[in-house]
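What follows is a short report on a single structure.
The figures here come from the full heavy-atom set of this structure, side chains too, leaving out hydrogens, waters and symmetry mates.
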Amino acid sequence: TLTSIATSSEDSVLEEVKWVGMSESEVTQNAEKLNFGNFEKEVIDDENENSLLLVFPDIALNFWLENNEVTEIQFGQIYED
């Protein structure tokens with residue numbers, strides 16, 4: 001079963017916004033404007049704080065960042081009770 005789709009293309013667009021290449025602050029500002037909901041920030045590797053994951057659980061959307069730049073967007077499945 002397919003549970004997620006990801007893109008790292010700089011040409012990909014979501015809600016009329018090109019997210020790949022954005023900084024963490026640009027992602028959070030745009031996400032707030034678009035009402036993506038609350039997010040969780042995870043440091044992927046404790047030794048390398050340049051790798052982050054921003055998780056928006058309400059819409060099953062993840063932004064992977066390296067050196068404060070989005071490198072991949074992952075679209076997950078939204079489960080209903």
Indicate every side-chain donor-acceptor pair of residues 11-24 with a distance under 3.5 Å to a residue at least two apart or in another chain.
{"from": "S12", "atom 1": "OG", "to": "S9", "atom 2": "O", "distance (Å)": "2.7"}
{"from": "W19", "atom 1": "NE1", "to": "L14", "atom 2": "O", "distance (Å)": "3.0"}
{"from": "W19", "atom 1": "NE1", "to": "V17", "atom 2": "O", "distance (Å)": "3.4"}
{"from": "S23", "atom 1": "OG", "to": "S25", "atom 2": "OG", "distance (Å)": "3.3"}
{"from": "S23", "atom 1": "OG", "to": "E26", "atom 2": "N", "distance (Å)": "3.2"}
{"from": "S23", "atom 1": "OG", "to": "E26", "atom 2": "OE1", "distance (Å)": "3.3"}
{"from": "E24", "atom 1": "OE2", "to": "K41", "atom 2": "NZ", "distance (Å)": "3.0"}

_Note, L61 side chain near F75 side chain (heavy atom, < 4.5 Å)_ =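 L61 reaches F75 side chain to side chain.
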*Relative to each other, are the rings of F56 and F63 parallel, tilted or perpendicular (30° and 60° limits)?*
perpendicular
*Just do the side-chain contact (heavy atoms from CB on, under 4.5 Å) check on F36 and D58 with the steps written out, would you?*
CA-CA 7 Å; F36 282 5; D58 293 345; over 6 Å; no
*Got a sec, which residues hit side chain to side chain contact (heavy atoms under 4.5 Å, CB included) with L53, two or more places apart in sequence or on another chain?*
E42, I44, V55, N62, W64
*Can you measure from OG1 (T71) to CG (L52) and round to the nearest 0.5 angstrom?*
10.0 Å
*In Å and rounded to the nearest 0.5 Å, what is the CD to CG distance from E69 to N50?*
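Answer for the CD-CG pair, E69 versus N50, is 12.0 Å.
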